[in-house]
Every structure is written in structure tokens, then in C-alpha cells.
Amino acid sequence: MTTIRAIRGMNDILPEESVAWQYLESAIAAVLDSYGYGEIRLPIVEQTALFRRSIGEVTDIVEKEMYSFDDRNGESLTLRPEGTAGCVRAAIQNSLLGVPQRLWYSGPMFRYERPQKGRQRQFHQVGAEAFGIATPDIDAELILLSARLWRLLGVADHVQLQINSIGSSGARQAYRTALVDYLTGHREALDEDSQRRLQSNPLRILDSKHPGTREILADAPVLTDYLDAESRADFARLGELLQAASVPYVVNPQLVRGLDYYNKTVFEWVTDKLGAQGTICAGGRYDGLVEQLGGKPTPGVGFALGKERLVLLLEALAVAPPVPAAADIYVVNAGTAAEVAAVAALETLRDALPALRIVQHTGGGSFRSQLKKADKSGARWALIWGEDEVASGTVTVKSLREQGPQESMVVADLPNYLAQHSAP
RNA sequence: GUGGCCGUAGCUCACCUGGUAGAGCACCGGAUUGUGACUCCGGAGGUAGCGGGUUCAAGACCCGUCGGCCACCCCA
């Protein structure tokens with residue numbers, strides 16, 4: 001019988017790993033909440049058209065990475081490859097955009113890619129989006145809250161902020177023309193992918209890693225020189241605000257985005273600790289997207305961060321919290337009478353001390369084997385019920401982490417005893 | 001989609017130039033009647049990813065396939 005495995009690139013997150021995930025998630029939720037962002041929960045499946053219209057027809061995501069399928073009624077659906085499109089769709093549909101909105105969401109995204117470190121087919125993002133605010137102060141806010149998150153998580157010293165402005169669509173058109181003109185003159189020296197993108201998506205040539213292409217790019221026209229006055233001013237303002245908040249950044253004129261809906265400010269948080277997939281958080285402004293998806297013209301800006309990559313970074317820097325012991329108390333109970341006595345007493349104990357993690361031994365076995373399990377569990381105490389205890393209505397408390405005699409007491413005294421000794 | 005490396009017990013790995021599988025850890029049991037850790041003794045566990053080929057003989061060599069990792073690409 002062939003065993004069934006998980007789909008390639010779709011991974012289980014095991015209990016020992018979920019500790020770091022929960023740590024990360026609670027930090028993220030706390031920071032977003034503290035800046036006044038409200039959580040929005042969105043479907044994982046949307047109409048395929050939503051992504052085609054927002055992400056862009058000629059992007060790799062839409063061309064070859066989406067999990068699309070026909071619903072039973074023949075409608076084409078897609079497992080969301082990113083979160084912004086669905087968030088915008090929901091904001092429009094639920095009439096949230098009459099006033100400025102600060103929203104965040106979290107969950108799985110799906111792209112059919114070749115898995116490698118920091119990249120899987122089901123991956124998890126947290127997104128934050130702000131709608132209805134056209135000024136760069138909101139761009140700064142999003143960056144500042146992400147910077148706060150890095151500090152809270154203890155990774156701030158190992159991430160770098162890169163920012164750029166890709167301008168209005170008009171400015172980008174003008175630049176695109178200039179770039180294509182220039183690169184066409186050096187067509188032969190470009191790598192194959194870049195030659196292809198000369199037609200399809202020339203701006204993406206800017207972040208090619210191919211050495212020959214990089215050489216050509218060194219003398220290429222610079223996007224910054226083509227920016228419209230407003231983009232230029234907003235970008236300068238963003239720089240001022242970041243400086244005022246003491247958030248260091250580098251301007252990377254070659255920073256572009258893979259999704260078509262971005263304009264003006266774009267930014268990326270990168271690290272050199274994760275190998276090739278070093279971007280842990282990226283975003284930018286998308287002032288045309290709401291209108292493009294059928295809403296009233298509404299400016300927008302947001303970012304997405306990759307939870308897998310953050311967890312990898314926490315591990316690489318050893319700042320994730322340690323995996324706690326499986327239990328505080330492990331209950332040894334030998335024999336059916338002991339089991340009955342223990343069950344009754346433990347329910348009372350759980351009522352009295354709900355924070356205590358109590359694992360009752362199940363499945364039988366000798367005292368010796370049960371004690372071994374108790375030790376393995378990492379529990380601080382073993383509670384022991386055997387024939388003697390049942391006969392006398394007592395329980396034995398044995399400390400597993402420090403030397404000293406074990407104590408017996410009447411069952412009714414147990415909650416008080418443990419409450420008094422629970423302090424670290 | 002392309003390339004490199006790699007698939008042997010639950011885990012980490014060994015078995016050198018082909019002769020029919022081993023260690024450590026983990027697991028289970030025991031070392032005086034009801035007491036863990038340390039130690040000792042014993043035990044269980046693998047059709048060597050799968051399929052084909054070469055050979056008297058393949059875990060070792062060859063091909064294919066599936067899977068893993070890393071990189072390209074892409075991107076969070």
C-alpha cells in the first residue's frame with residue numbers, strides 16, 4: 001500500500017514548530033492592534049478574474065503559478081496567490097471605503113513554484129492594508145509598525161529597509177520606454193530571461209541576478225530621473241518621516257515589484273540570513289487598484305510579510321522561545337480504582353487551577369513505566385495514586401525536578417498545596 | 001520550467017574499490033514487593049524511496065521515476 005504524502009511544497013507545522021509560529025503571530029497581532037488596524041478574515045478561494053485583473057496578466061504568478069480550477073457550476077476559481085486583491089474586493093463589497101480604513105489579515109497563500117528554502121507552494125502571509133489615505137505619512141506608518149515588529153521579535157539588527165518610488169503610471173511609461181531603448185541596444189549581452197522580458201515586463205529586468213545583465217544595468221537610465229513631481233515630493237517626505245522616527249533605510253533605485261498594481265512608494269525588508277529568499281516583508285502603494293476592481297477611486301498602500309521566512313529568521317537568530325515542557329503535572333495512576341480516584345480529583349483540581357497543564361497517564365503500565373513517562377514529559381510534579389492512596393483517600397506529590405521527600409496529603413488539600421508551590 | 005547534491009531502522013549516519021545490513025540516540029522490557037533521571041542487561045524495529053538494467057552476485061554501478069535540499073527563476 002502506497003502511503004499518501006502531503007502535496008509537494010505544502011508542509012505540516014508540527015507542535016514543536018508551532019511554538020515559534022504562535023510567538024510570531026501574537027507579536028504581529030499585538031503590533032497591528034496597537035496601531036489601530038482591524039483584522040479582516042477573507043476567503044481562501046476567489047474568482048480567478050480577481051487575480052487576473054489585479055496582479056497583472058503578464059506576471060509569472062498569473063501566467064504559471066496559480067492553482068485554478070472550475071467550480072461545479074463551471075466558474076473558474078483560484079486559491080489566492082496573495083492577499084491584497086481579496087482584501088480590496090472585500091473592502092469594496094462591504095462598503096468599507098467611505099472612510100480611511102486600516103485592515104490586516106493572515107493566512108495561507110498558494111503558488112505553484114519549485115520549493116526551496118523560504119519558498120513553498122502553500123505559504124503563510126500577514127498583510128496590512130490602509131485605504132483612503134493618499135499622503136506618504138501612511139506609507140511611513142506602515143513601515144514604522146513593521147520596524148516595531150522587528151524590534152519586538154528581536155530581529156531588527158539583521159534586517160534592512162530598502163525603499164524606492166516607481167512613480168505614477170505615466171512616469172513609469174516614460175521610464176519603461178527609455179529603459180527598453182537602452183537595453184535593446186545591448187540586447188545580445190542580456191540573459192535569455194531578460195531578453196524575453198524586454199517585451200513582457202521590462203522593469204523586472206532591473207532585479208535580475210545575471211552578472212552580464214547587471215553589468216549592462218549599471219549604465220541604464222535610472223527610474224528616479226523620470227519620476228513625476230508628486231511622486232518625487234512624496235518620496236522625499238517619506239524619507240524625512242523615516243529619519244524623524246530613526247528608522248534607517250537605503251534607497252534602492254532598482255527596487256521594483258512583481259505585481260502590476262503598485263505605484264509610487266515601494267519598500268522591502270531584506271535579510272542576509274536566509275539564503276536566496278531574503279525578503280521577509282514587502283509592499284507599496286497601489287492607488288489605482290480599488291478603481292481597477294470596480295470601487296470608487298481610493299488610494300491604498302500595504303505590505304505582506306512571509307511567516308515561514310520570519311520563523312526561519314527567528315530560528316537562525318535563536319530568538320524564538322524555547323519549546324515548553326509538555327506538562328506541569330503528570331499523573332501516575334495504577335489500577336482501575338486509582339484511575340477512578342484520580343479522574344475525580346483531577347477535575348476538581350482543573351477547576352481550581354485552570355492554568356496548570358495536567359496530563360493523566362493513560363494506557364496502563366507499571367509504576368515504573370509511568371514514572372518514566374512523567375520524567376520524559378518534563379513535568380515539574382508527578383501525582384501518584386495507587387492502592388495505598390485510594391485506601392486512605394490521599395494523593396502523593398513527588399517533585400521531579402528537585403531533590404526532596406515526596407509528600408502525601410488528603411486529596412482535598414491538593415489544590416491549595418499546588419497553588420502555594422506553583423510560584424517559580 | 002532549468003541545474004547541482006542527496007534518498008539505508010522513528011532520528012543522525014556508517015557499510016572503504018559490488019559478496020546478501022550496522023552504530024549512536026529514541027522506543028519497549030528487566031536489574032527485590034509501588035517510584036523517574038545515572039548505570040547495566042535484554043528486546044523490537046529496515047523487501048536500502050520505487051521500477052527496470054548490468055552481473056554468478058547490487059544498498060553500492062547504469063537508466064528511469066518519485067521525493068528531499070540548495071540554487072536559477074520568481075517572490076513574502
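Lettering follows sequence order; numbering is per chain, from 1.
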Could you summarise the pairing of RNA chain B as dot-bracket text, marking Watson-Crick and G-U pairs under 3.5 Å with ( ) or [ ] inside the strand and | across strands?
-> (((((((..((((.....[..)))).(((((.......))))).....(((((..]....))))))))))))....
Round to a whole Å and report the spacing from NE2 of A:H361 to P of B:G34.
-> 15 Å
If you take atom types as modelled and just measure distance, does the side chain of A:R309 reach the base of B:C75 with a donor-acceptor pair under 3.5 Å?
-> yes
What residues form a side-chain contact (heavy atoms from CB on, under 4.5 Å) with A:S399, not counting sequence neighbours?
-> A:W381, A:E402
What interatomic distance, in whole Å, is found between C1' of B:G34 and the corresponding atom of B:A9?
-> 35 Å
Quote, to the nearest angstrom, the P distance that separates B:G3 from B:A14.
-> 27 Å
Roughly how many Å is it from CG in A:D375 to C1' in B:U39, rounded to a whole number?
-> 15 Å
Counting only distance, no hydrogens or angles, is the base of B:U35 paired donor-acceptor with the side chain of A:Q406 under 3.5 Å?
-> yes
Name all residues meeting the side-chain hydrogen bond (donor to acceptor under 3.5 Å, both in side chains) criterion together with A:Y249; count only those two or more places apart in sequence or in a different chain, and write none if there are none.
-> none
Check side-chain contact (heavy atoms from CB on, under 4.5 Å) between A:L312 and all other residues, then give those that pass, not counting sequence neighbours.
-> A:K117, A:L274, A:E315
Considering only atom C1', compute the distance from B:A60 to B:G18 and round it to an integer number of Å.
-> 6 Å
Quick one: label A:Q403 by what it contacts on the DNA or RNA (base, sugar-phosphate, nothing), any heavy atom closer than 4.0 Å.
-> base
Contact list for residues 251-261 of chain A, test salt bridge (charged side-chain N to carboxylate O under 4.0 Å, His left out), sequence neighbours left out | A:R257-A:E268
Atom-to-atom span, CG of A:L371 to P of B:G29 - whole angstrom | 13 Å
Partners passing side-chain hydrogen bond (donor to acceptor under 3.5 Å, both in side chains) against A:R151 (at least two apart in sequence or in another chain) | none
What interatomic distance, in whole Å, is found between C1' of B:U65 and the corresponding atom of B:C6?
-> 16 Å
Residues 324-332 of chain A, side-chain donor-acceptor partners within the protein, below 3.5 Å, at least two apart:
from, atom 1, to, atom 2, distance (Å)
A:D328, OD1, A:R357, NH2, 3.0
A:D328, OD2, A:R357, N, 2.8
A:D328, OD2, A:R357, NE, 3.3
A:Y330, OH, A:H361, ND1, 2.8

Describe the nucleic acid contact of A:A374 in one word from base, sugar-phosphate, nothing, applying a heavy-atom distance below 4.0 Å.
-> nothing
Any side-chain N or O of A:K372 under 4.0 Å from OP1/OP2 of B:C38?
-> no
Review item, side-chain donor-acceptor pairs of residues 128-137 of chain A, under 3.5 Å, at least two apart:
from, atom 1, to, atom 2, distance (Å)
A:E129, OE1, A:Y286, OH, 2.5
A:E129, OE2, A:T84, OG1, 2.8
A:E129, OE2, A:Y105, OH, 2.7
A:T135, OG1, A:D137, OD1, 2.5

Verify whether one side chain among A:N252 and A:N164 offers a donor that lies under 3.5 Å from an acceptor in the other.
-> no
Residue pair A:Y112/A:T396 against RNA chain B: nearer the 5' end by closest nucleotide is A:Y112
Atom CG of A:L206 and atom P of B:C75 are separated, to the nearest Å, by 13 Å
For A:H124, which of A:E308, A:K307, A:R309 qualifies under side chain to side chain donor-acceptor pair (under 3.5 Å)?
-> A:E308
Fit a plane to each ring of A:H421 and A:Y417, take the angle between them on a 0 to 90° scale, and name the class: parallel (under 30°), tilted (30 to 60°) or perpendicular (over 60°).
-> parallel
B:C28 versus B:G10 - spacing of their P atoms, nearest Å = 15 Å
Determine the interatomic distance between C1' on B:A48 and the same-named atom on B:G67; round to the nearest Å.
-> 15 Å
Would you mind classifying the nucleic acid contact of A:Q120 as base, sugar-phosphate or nothing, using non-hydrogen atoms under 4.0 angstrom?
-> base
Over how many whole Å does the gap from A:L259 atom CG to B:A76 atom C1' extend?
-> 10 Å
Round to the nearest Å and state the distance from A:I280 atom CD1 to B:C75 atom C1'.
-> 14 Å
RNA chain B nearest-nucleotide lookup for A:E113 and A:D388: closer to the 5′ end is A:D388
How is A:E82 classified with respect to the nucleic acid when contacts are heavy atoms under 4.0 Å: base, sugar-phosphate, or nothing?
-> nothing
Can you tell me, in whole Å, how much space there is between the C1' of B:A44 and that of B:C25?
-> 16 Å
Which part of the nucleic acid, if any, lies within contact of A:E389, taking any heavy atom under 4.0 Å across all strands shown: a base, the sugar-phosphate backbone alone, or nothing?
-> base
Once you round it to whole Å, what is the distance between P of B:A37 and CH2 of A:W381?
-> 21 Å
Any residue meeting side-chain contact (heavy atoms from CB on, under 4.5 Å) with A:Q195, in chain and number order, not counting sequence neighbours | A:R187, A:L190
Of the non-hydrogen atoms in A:T396 and A:S408, which two are nearest, and what is the gap between them?
-> OG1-OG, 3.1 Å
Between B:C25 atom P and A:K376 atom NZ, what is the distance in whole Å?
-> 12 Å
Residues of residues 18-27 of chain A with any non-hydrogen atom less than 4.0 angstrom from an atom of RNA chain B: list those, numerically ordered, please.
-> none
Counting primed atoms, P, OP1 and OP2 as sugar-phosphate and everything else as base, the B/S/- map of nucleotides 66-72 of chain B against protein heavy atoms under 4.0 Å is -SS-SBB
Row check, A:Y112 ring normal vs A:R121 NZ/CZ: under 6.0 Å, within 45° = yes
P gap between B:G64 and B:U39, integer Å | 49 Å
Identify, with sequence neighbours excluded, every residue that meets side-chain hydrogen bond (donor to acceptor under 3.5 Å, both in side chains) alongside A:T213.
-> A:D191, A:H210
